[in-house]
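To start, the structure under review is shown below, and the notes come after it.
We're numbering straight along the sequence, starting at 1. We use all heavy atoms of the structure for the numbers below, so side chains are in, but hydrogens, waters and symmetry mates are not. In this text the structure is predicted, and so the values were computed from the model without any measurement.
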Amino acid sequence: AHQADLPEDAVRRIDLATEDQALPDAILELAASPDERRRLGTAAAAYVRRAHGPAAVLSAWEKALAITHERPDPPPRDWPAHWLPERVAG
């Protein structure tokens with residue numbers, strides 16, 4: 001996911017134009033607020049479970065496999081030389 005797609009309640013956004021000061025300010029604000037850290041962590045964990053949990057992964061694999069099955073097989077070709085077993089001189 002692109003950062004813009006992350007839910008507002010699960011991230012602390014900062015203005016990149018003032019990042020040099022905004023980032024340390026955000027870190028210090030979170031350091032001073034256990035309740036905000038807990039809330040943010042809970043929301044972020046819930047998002048990760050939804051977006052990257054077993055059901056989401058299964059769905060992504062099913063879509064990828066469906067696309068693969070719709071495409072024709074590639075033409076046959078020789079294995080790359082580095083994949084072939086070495087021949088023992090006899």
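The side-chain hydrogen bond (donor to acceptor under 3.5 Å, both in side chains) test applied to E70 returns no partner, not counting sequence neighbours. Residues meeting the side-chain contact (heavy atoms from CB on, under 4.5 Å) test with P24, sequence neighbours left out: none.
The line from CG of L30 to CZ of R12 is 4.5 Å long, rounded to the nearest 0.5 Å. Note that CZ of R39 is 10.5 Å distant from CG of D35, once rounded to the nearest 0.5 Å. Taken from CG in D5 to OH in Y47, the straight-line distance is 7.0 Å, to the nearest 0.5 Å.
Of all non-hydrogen atoms in A56 and A51, the two that sit nearest each other are CB-O, 3.3 Å. The two residues A22 and D15 have their closest heavy-atom pair at CB-O, 4.2 Å.
At a threshold of 4.5 Å between side-chain heavy atoms, the hydrophobic network of Ile, Leu, Val, Met, Phe, Trp and Tyr places V48 and V57 in two separate groups.
The backbone N or O of R38 sits less than 3.5 Å from a side-chain atom of T42, completing a donor-acceptor pair.
Hydrophobic side-chain contacts under 4.5 Å tie I27 into a cluster, directly or through other members, with I14, L23.
With a 4.5 Å cut-off on side-chain heavy atoms, E62 and L65 do not count as touching.
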